[in-house]
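Once you've had a glance at the structure underneath, I'll fire off some questions.
Because only heavy atoms are used, hydrogens play no part in the values below, and waters and symmetry mates are left out as well, while side chains stay in. Per chain, numbering begins at 1; letters A, B, ... match sequence-line order.
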Amino acid sequence: DVKVTQSSRYLVKRTGEKVFLECVQDMDHENMFWYRQDPGLGLRLIYFSYDVKMKEKGDIPEGYSVSREKKERFSLILESASTNQTSMYLCATLKRVSEAFFGQGTRLTVV
Amino acid sequence: RKEVEQDPGPFNVPEGATVAFNCTYSNSASQSFFWYRQDCRKEPKLLMSVYSSGNEDGRFTAQLNRASQYISLLIRDSKLSDSATYLCVVNNFGNEKLTFGTGTRLTIIP
């Protein structure tokens, strides 16, 4: 069974903290994505990666960075968390022109 | 203009009724189209792909109109369990990036 695992379901962090969100997949998919989902705005793409050590900016990369050192792992980093980064974060993987599989999501609150 | 646009709803529909959603996309080079379903506080999951010739899966029918750049989803004989948010998704060939609409909220009323 396909599995995309995000490290935490719920996180509470303080303003200014460095935050790491981890995503691991067991499907050997090349493409991995980080989205954030907010009411009324839907899913917005933050960063994506086609391969190890490759990364591309999505539509809203400001305030975020990513790391893909291994094919199965894609990390999202908030360098200095701010309250406007309070959101649901979703990791997804995609095999070429095919179905995307999502992790269960991480609900991050920055206080 | 947003790359993928959907009517956010909410749609409140009696059980057994037929309901249809439309979604428009702006990039004429878009190659692949999907409908995803998202239950409250859950991750999105693939409902069905949308093919040029149209396709059906049980009570669900998806259509693609490339000339007018829209896709549609029709749900017949709606069930209470169909209550969810339905996301229109477009994949542009060459960059393997999925672009999501904001979703249409559907509630089936007993």
Practice task
Tell me whether A:Met88 is reachable from A:Leu76 by hopping between hydrophobic residues (I, L, V, M, F, W, Y) whose side-chain heavy atoms are closer than 4.5 Å.
Solution key: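 They do not share one cluster, since no chain of ILVMFWY contacts under 4.5 Å joins A:Leu76 to A:Met88.
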Handout entry: Structural part of B:Gln6 lying under 4.5 Å from a heavy atom of chain A
Key =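 B:Gln6 has no heavy atom closer than 4.5 Å to chain A.
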Problem - Contacting moiety of A:Gln37, where chain B heavy atoms sit under 4.5 Å - result: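 For A:Gln37, side-chain heavy atoms alone lie under 4.5 Å from chain B.
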Problem - Joint cluster assignment, B:Tyr25 & B:Leu98, ILVMFWY side-chain distance < 4.5 Å - result: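 Cluster IDs for B:Tyr25 and B:Leu98 differ.
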Practice task
Can you tell which part of B:Pro8 gets under 4.5 Å to a heavy atom of chain A, answering side chain, backbone, both or neither?
Solution key: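 Contact with chain A is absent: no heavy atom of B:Pro8 under 4.5 Å.
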Problem - NZ (A:Lys57) with more than 12 external heavy atoms under 6.0 Å - result: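 Open: at most 12 neighbouring heavy atoms sit under 6.0 Å from NZ of A:Lys57.
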Problem - Check: B:Phe100 main-chain N/O paired with A:Tyr35 side-chain donor or acceptor under 3.5 Å - result: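 Not at all, since once roles are kept as given, no pair shorter than 3.5 Å links the two residues.
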Handout entry: Interatomic distance, A:Glu99 atom CD to B:Lys45 atom NZ [nearest 0.5 angstrom]
Key =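 A:Glu99 atom CD to B:Lys45 atom NZ measures 10.0 Å (nearest 0.5 Å).
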Exercise for the section: Would you mind checking which part of A:Leu90 comes under 4.5 Å of any heavy atom in chain B, side chain (CB onward), backbone (N, CA, C, O), both or neither? Expected result: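 Looking at A:Leu90, just its side chain touches chain B.
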Problem - Residue A:Asp59 versus chain B: region with a heavy atom under 4.5 Å - result: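 Just its side chain gets close to chain B.
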Exercise for the section: Check whether A:Arg107 gets within reach of chain B through its side chain, its backbone, both or neither, counting any heavy atom under 4.5 Å. Expected result: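 Side chain only.
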Exercise for the section: Give a yes or no on whether B:Ile108 and B:Phe11 share a hydrophobic cluster (residues Ile, Leu, Val, Met, Phe, Trp, Tyr; joining criterion: side-chain heavy atoms under 4.5 Å apart). Expected result: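 Linked within one cluster.
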Exercise for the section: Indicate if A:Leu78 and A:Trp34 have the same hydrophobic cluster label, given that clusters are the connected sets of ILVMFWY residues with side-chain heavy-atom separations under 4.5 angstrom. Expected result: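 Yes, because A:Leu78 and A:Trp34 connect within a single hydrophobic cluster, where side-chain heavy atoms sit under 4.5 Å apart.
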Problem - Distance (rounded to the nearest 0.5 Å) between B:Asn91 CG and A:Leu94 CG - result: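 Spacing of CG (B:Asn91) from CG (A:Leu94) equals 6.0 Å.
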Practice task
Identify whether A:Ile77 and A:Met32 are in the same connected component of the hydrophobic contact network (ILVMFWY, side-chain heavy atoms under 4.5 Å).
Solution key: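 Unlinked, A:Ile77 and A:Met32 end up in two clusters.
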